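Written below as structure tokens is the structure these notes are about.
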Amino acid sequence: MSAESIQLRSKQRGRGALWLSALLVFGIFVEVNRVVDHWDLPRRDLSEDGLFQVSSATKSVLGRLEDTLAVHGFFTKEIESGRAAIERAQVEGQLEEYLALAGGKMVLDVRDPAVSSQAALDAKTHGLQARPVQAAHGTSVSRQMVYRSLLLRYRGRTERVEWADPWSLEVDFVAAVARMLRDHRPRIAWVGETFDTDPKMSWQLGSNHSLRQALSRRFDLVQVSTASLEAGEPVPPGCDLVVLMRPTKLHPRAVFELEQSLQRGKPMLAFLDQVSMHSHSQGSRAVHAMRGEKASPTGLEALLRSWGTSLIGGHVWDAGASGVRQVLVSQLDAQGQPTGAGRLEPLTSPGLLETTAEGMDGTFPPTSGLSGITMGWAQPFAPLQGVSGIVGRDVIHSSEDSWVVPFVETMVSDQAIIAGHTATLRSDPKASQVVGRVLTGRLPSPFVGGAPVPLDLFDEEATGPAGGEPKTTDETVLDRAADVRVVLLGDADFVRDPDPYGLCPSLKPRGLLLVENLLDWMLAEEDLIALRSRLPQSRPLRDLLQEELEREGLLSAGLYDTVEELTLRARQKSAAEGRATRARWRLMGLPVGLGLLLMLLCGWAWNRRERSHP
């Protein structure tokens, strides 16, 4: 055998050994990955927002399980939308991680109502419904009804997650489990504006059906009429906290009953805005102005003063953080006459307070991490006066470019009038205004001298002489009896029902988030606040086909009348789809190719090392 043939055979053996080494490394990689997949290893989320990193609150809640938690998932498997399919896979991965954290105290059952009639019946029985999801196919869009819901069962109790969103699944799931672990479902005593109005017209007077509907998923709401408090009936003892919604002219006995519930340790969230706005197609007016009256007092003035706080009689005019509302503008014909049609245009209004992250106390858990809310004609608080035993904290502010103006009686839609009024105010000192305040501690009672007698409409002397002090009883009055938490807000419009014209502030996700955070804080559920405040950063998926179609101008193309134009459009669309497919393969093949190249280099280096050491 010649030297050349020996050298050739040696090269062939070397190449074979190289490929064999690469194959062995690849096989080892696959096998190690398969084995490690069954290990219960700690996971770490290295994304920018860390949204999928399990929090300590989740571990704590799942660690409190004593019996088996059954989680039934209703998921549509065959999904046309790529984004929805990715989100479903993320949800399934999160549930698998919760399953591992539960330490054998959780079982997971996932079914598809689209293929299982029993699963469809179970979902319908528990009020779980499919939602429409759109999928783009070139220039066309299809609509598919998709299930992605959870039903949780624990010790005879059930909770629902109506839509499992990967961005909010952890807080929704943990909050549901925490509710089932409580001895009872928390109860809210709702005091204030009408509880049962017609939902179709409730937006006119700023009712709160949307807020109550959202809160009813987590709490039992109990309506407590001011008439019952005035008659001397206490706040129901089974309630865990009180929500006081825009009180007006409260009788001293009603104030006493609310104050004594605080003395018994029941926290209170109070929306103290004194002006209610009536919405209609032409704008909004204050209800008291429509009636020819002045703004009604809350009736809490003496109580607030005993706590070292008070409301300023006016509204915040914030030129530095003005909100934007919609204004209905009539369309005019060539002669300048209204045509009967109209359009909505945005209007910057300093009467709307668009609080920013700087205006939300970053060290207070319920407001930490919030980017702000939109308040309407918010009523500010006077500087806090020190009272022994009370710790006060201002948690929501306007911008530094703010003033206090008399109560707004109607919304102004003329930008020139708004600008002129702002210019006039600039001659006065400006300052940040407080519209959210928190009080904690043992509150002093202003009724230590005696409890006001209950209201008796048939006894004119029951309340004492006209303009004088009300008569009192000799019943026991609690004073500084318990540590309690009180939240005072100078606006109620940000939680009102939305009006069809978009003219007034209304309940938005940020506003609901603030309310839920405050309620959790009052119930000492700080873990849920921390979970709820974890917000995702925007990272939209890249649609390669959409980019190619847009580059060809196919997304904005009009109608085509000729066969040649239709043929050209089809060729352009086919070429765009081809380029999108090649780009997709490049993006997917690049990491795979780099991985294989790395394995080949490792195999080559190992082969060289073995050949150099015979």
Side-chain angles (χ1 to χ4, degrees), residues 39-73 90-109 150-188 215 217-220 240-241 265 267 362-370 440 483 485 512-536:
W39 292 358
D40 187 14
L41 295 175
R43 302 181 182 182
R44 181 73 177 176
D45 182 7
L46 300 179
S47 62
E48 294 181 20
D49 46 36
L51 194 66
F52 299 113
Q53 179 179 335
V54 177
S55 70
S56 58
T58 301
K59 299 174 183 178
S60 173
V61 171
L62 293 178
R64 286 157 41 198
L65 292 173
E66 297 178 355
D67 290 331
T68 300
L69 169 66
V71 180
H72 304 277
Q90 291 174 329
V91 168
E92 291 176 338
Q94 289 173 276
L95 291 175
E96 291 290 342
E97 191 160 7
Y98 303 156
L99 185 65
L101 290 173
K105 296 292 181 62
M106 172 179 160
V107 293
L108 178 62
D109 170 39
L150 298 175
L151 178 67
L152 287 68
R153 299 178 184 272
Y154 184 77
R155 289 183 172 178
R157 302 177 183 177
T158 61
E159 288 285 345
R160 302 178 305 169
V161 177
E162 297 182 2
W163 184 252
D165 191 320
W167 309 114
S168 62
L169 176 64
E170 186 172 12
V171 64
D172 294 338
F173 183 86
V174 173
V177 176
R179 289 195 295 271
M180 291 189 292
L181 290 174
R182 292 178 65 97
D183 294 334
H184 69 283
R185 184 178 168 92
R187 303 182 71 194
I188 292 178
L215 296 182
R217 301 188 185 103
R218 299 183 49 208
F219 306 93
D220 290 333
D240 298 278
L241 52 87
T363 62
F364 183 52
T367 55
S368 175
L370 293 185
T440 58
D483 284 308
R485 297 178 174 185
L512 178 60
L513 180 62
L514 173 63
V515 173
E516 289 188 325
N517 281 351
L518 291 171
L519 294 176
D520 285 336
W521 176 76
M522 290 191 290
L523 292 173
E525 296 282 1
E526 279 84 355
D527 287 341
L528 294 181
I529 298 173
L531 271 176
R532 198 179 290 114
S533 298
R534 297 202 305 173
L535 302 176

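Keep in mind the model is a prediction, meaning the values are calculated, not measured. Hydrogens, waters and symmetry mates play no part in the numbers below; they use all other heavy atoms, side chains included.
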Query - Exam field: side chain D109 to backbone H72, donor-acceptor pair closer than 3.5 Å - result: no
Requested in this report: Could I get the full list of side-chain hydrogen bond (donor to acceptor under 3.5 Å, both in side chains) partners for R182, not counting sequence neighbours?
Outcome: E525
Query raised in the report: Can you tell me if R485 uses its side chain to pair, donor with acceptor, with the backbone of P267 under 3.5 Å?
Result: no
Query raised in the report: In terms of side-chain geometry, is the basic nitrogen of R217 or D172 positioned less than 4.0 Å from the acidic oxygen of its partner?
Result: no
Query raised in the report: Sequence neighbours excluded, which residues qualify as salt bridge (charged side-chain N to carboxylate O under 4.0 Å, His left out) partners of R64?
Result: none
Query raised in the report: Is the shortest heavy-atom distance from the side chain of D483 to the side chain of T440 under 4.5 Å?
Result: no
Report summary line: Nearest heavy-atom contact between Y154 and T68 is CD1-O, 3.6 Å
Query raised in the report: Where is the tightest heavy-atom contact between V91 and D165, given as atom of each residue plus distance?
Result: CG2-C, 4.3 Å
Query - From CG (L181) to CD (E66), nearest 0.5 Å - result: 8.0 Å
**Report entry** Atom pair CG (L69) and CZ (R157), whose distance is rounded to the nearest 0.5 Å
**Finding:** 12.5 Å
Query raised in the report: Which distance, rounded to the nearest 0.5 Å, do you find between the CE of M180 and the CD of E159?
Result: 6.0 Å
Report task. Check whether any side-chain heavy atom of L108 lies under 4.5 Å from a side-chain heavy atom of Y98, and answer yes or no. Result -> no
Report summary line: On a heavy-atom basis, the closest approach of S368 and G362 is OG-O, 3.1 Å
Query - Distance-minimising heavy-atom pair for L514 and P366 - result: CD1-O, 4.1 Å
Query - side chain to side chain contact (heavy atoms under 4.5 Å, CB included) between L519 and F219, worked out - result: CA-CA 10 Å; L519 294 176; F219 306 93; 3.9 Å; yes
**Report entry** Close side-chain approach of E92 and L95, heavy atoms under 4.5 Å
**Finding:** no
Query raised in the report: Do D220 and H184 have side-chain N/O donor and acceptor atoms under 3.5 Å apart?
Result: no
Report summary line: Heavy atoms of L523 and P186 approach each other most closely as CD1-CB, 4.2 Å
Requested in this report: Check each of L152, V61, T58 against F173 using the side-chain contact (heavy atoms from CB on, under 4.5 Å) test, and report the only one that passes.
Outcome: L152
Query raised in the report: When you look at L150 and V71, which way does the side chain to side chain contact (heavy atoms under 4.5 Å, CB included) test go after all the steps?
Result: CA-CA 7 Å; L150 298 175; V71 180; 4.2 Å; yes
Report summary line: With sequence neighbours left out, the residues meeting ring-ring contact (aromatic ring centres under 6.0 Å, His included) with F364 are W521
Requested in this report: Sort out for me which residue in R155, R153, K105 forms a salt bridge (charged side-chain N to carboxylate O under 4.0 Å, His left out) with D67.
Outcome: R155
